[in-house]
Amino acid sequence: MSNKHVLVLPFPAQGHVNPLMNFSREIAKHGSKITFVSTDFRHTQMMSAMAPRKDSLLSSEIKLVSISDGLCPEDDRNYFRKLFVSILATMPTRLEELIRGINESNGDGKISCIIADGNMGWAMEVANKMGIQGAIIWPASAAYFALTTRIPNLIDDGFIDSNGTPMQRHAIQLHSGIPDVYPQNLPWNCSADQAIQKSVFDYFSRCAQALKLADWWLCNTAYELEPAAFSLLPKLLPVGPIMASDQTRNVGGQFLPEDTSCLNWLDQQPPCSVIYVAFGSFAVLDPIQFQELAFGLELTNRPFLLVVRPDSCNILNDANLNKYEGTRGKIIRWAPQPKVLSHPAIACFISHCGWNSTLDGITGGVPFLCWPYFADQVLDMKYICDVWKVGLGLESDQDGRILRGEFRKKVEELLSDESIRARSLELKEMVRSVTEEGGNSCRNFNNFINWLKKG
Ligand code: UDP
């Protein structure tokens, strides 16, 4: 069996680049060369976030390259309509050109397999056209994969119309073991603007169709976390949580520089004392909500570590950070999150429940307070609170804000609940065991590696 040259293509967003970078590192350990393809815009961010430690953070087996997403550098990548339309119009051709260039050069050998994010499912059309093997990896839950890829069923059952617009107010129940999901939380229902919704829906429909061309469907989850979802999807194989115990998680894929000073700060805090608060790469806080959070944390009388990205709250600037830190807090712009959540000083995680953050918290054995923002985060919250029972939801007021008293009350309730803590530790142990020799995720991963080497 020879070593192979694999091309890995994440969707150009943080919650996609990180798990695919982690997966690339795992594959590279087994001898394959990886060409990791970002968009030019994200590539520039990653390079600047890594500087000046770039050389020590990059693995020699993983080459970072980029192609255009078709937008200008100053365009807003969170403006979904433009982004999704532009990706489809530009990237398939650019990807093909990139692969031809690699295959004609005498460098690391020809590309033998494309591993694409499920949200870049169209790449399987490119693989198919070029006679290259293809695999997709889904970076969110298996249940959400089932929802987003069963578009014809959702239309037939009357949940959405042929433009993706929600048609019913009641929730979709895929299976008795899967929490229900409102059509409003499907990924393309991200805007009240019908044109945006239609563009995003068309994008997902194309990807769902193209996924069928892939030889493998992998998912960053564990069978044991969501067995009911796997009963619906015999082809989907869990390989997660990718690198459950590895301290190099997210290294090389971050868009913002990690503030590692928080690790020394955590070392000085008592065990199981710190509230960690982070909302992933996308969520934004209005000024009133931010102040309620800051005052709520202060009211808990506990140390807290709060991540506020530079673009997520416009009243917080580097000059007034200390004002909100109070006597016990630390506010940073981006954390080395997996390391933070595995630190013994962490008591709980106030989270937006993005799937990667959910896995980071589970892997660290940390209880959650859930504050979902949109899309699959609402489903993830239901898994956390109702299925695994390792967290509580935060209730908002009539204006949709969570007030300071609610933060204080729920932190106390969560931290005084021994059974939640015990279940969090059991879940931690479970996800550790599935990624070790003999575990389901480990076995699927090894089978995939053997296939990759043979191909
Ligand atoms: N993350 C991080 N530092 C932070 C906050 C988040 O490294 O301060 C990482 C986290 O480990 C995860 C990703 O950013 O890999 C966020 O993905 P998630 O699915 O949780 O949320 P999204 O950003 O997609 O909303």
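In each ligand, atom 1 is the first atom listed, and ligand 1 is the first ligand listed. Quick caveat, the model's predicted, so the values are computed rather than measured.
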Pairs of nitrogen or oxygen atoms closer than 3.5 Å, one from A335 and one from ligand 1: do any exist? yes
Margin query: Polar contacts were defined as any N/O atom of the residue lying under 3.5 Å from an N/O atom of the ligand; does this apply to T358 and ligand 1?
Written below: no
[X] neighbourhood, listing ligand 1 atoms whose heavy-atom distance to it stays under 4.0 Å:
X: N250; result: 7 (O), 9 (C), 10 (C), 11 (O), 15 (O)
X: G354; result: 18 (P), 19 (O), 20 (O), 21 (O)
X: W355; result: 19 (O)
X: D360; result: 10 (C), 11 (O)
X: G280; result: 23 (O)
X: Q377; result: 25 (O)

Which residue and atom name correspond to the protein heavy atom nearest [atom], and how close is it?
atom: atom 20 (O) of ligand 1; answer: S357 OG, 2.5 Å
atom: atom 23 (O) of ligand 1; answer: S281 OG, 2.4 Å
atom: atom 5 (C) of ligand 1; answer: Q337 OE1, 3.2 Å
atom: atom 19 (O) of ligand 1; answer: N356 ND2, 2.8 Å
atom: atom 24 (O) of ligand 1; answer: G15 CA, 3.7 Å
atom: atom 1 (N) of ligand 1; answer: W334 CZ2, 3.2 Å
atom: atom 15 (O) of ligand 1; answer: N18 ND2, 3.0 Å

Which one holds for [X] and ligand 1: side chain close, backbone close, both close, or neither close, with close meaning a heavy atom under 4.0 Å?
X: F255; value: neither
X: Q254; value: side chain
X: V307; value: side chain

The complete set of salt bridge (charged side-chain N to carboxylate O under 4.0 Å, His left out) pairs with one or both residues in residues 349-375, sequence neighbours excluded, reads R249-D360
Between [X] and [Y], does any side-chain N to carboxylate O distance fall below 4.0 Å?
X: R206; Y: E125; answer: yes
X: K82; Y: D75; answer: yes
X: D417; Y: R421; answer: no

Of R408, R404, K409, the one forming a salt bridge (charged side-chain N to carboxylate O under 4.0 Å, His left out) with E406 is K409
Residues W334 and G280: closest non-hydrogen pair is CZ3-O, 3.7 Å
Any F374 heavy atom less than 4.0 Å to ligand 1: no
- What is the ring orientation for W138 with Y144, classed by angle as parallel under 30°, tilted 30 to 60°, or perpendicular over 60°? tilted
- prompt: What is the ring orientation for F84 with F204, classed by angle as parallel under 30°, tilted 30 to 60°, or perpendicular over 60°?
  reply: tilted
In terms of its nearest heavy atom to atom 22 (P) of ligand 1, the top option of H352, E258, Q14, R333 is H352
Quick one: do F445 and H30 satisfy ring pair (Phe, Tyr, Trp, His ring centres under 6.0 Å)? Show the steps, please.
CA-CA 11 Å; F445 179 75; H30 292 265; 5.4 Å; yes
_Centroid separation under 6.0 Å, is that true for the rings of H16 and F11?_
yes
### Query
Is the centre of the Y324 ring less than 6.0 Å from the centre of the F290 ring?
yes
Sorted by chain and residue number, the side-chain hydrogen bond (donor to acceptor under 3.5 Å, both in side chains) partners of W122 (sequence neighbours excluded) come out as Y203
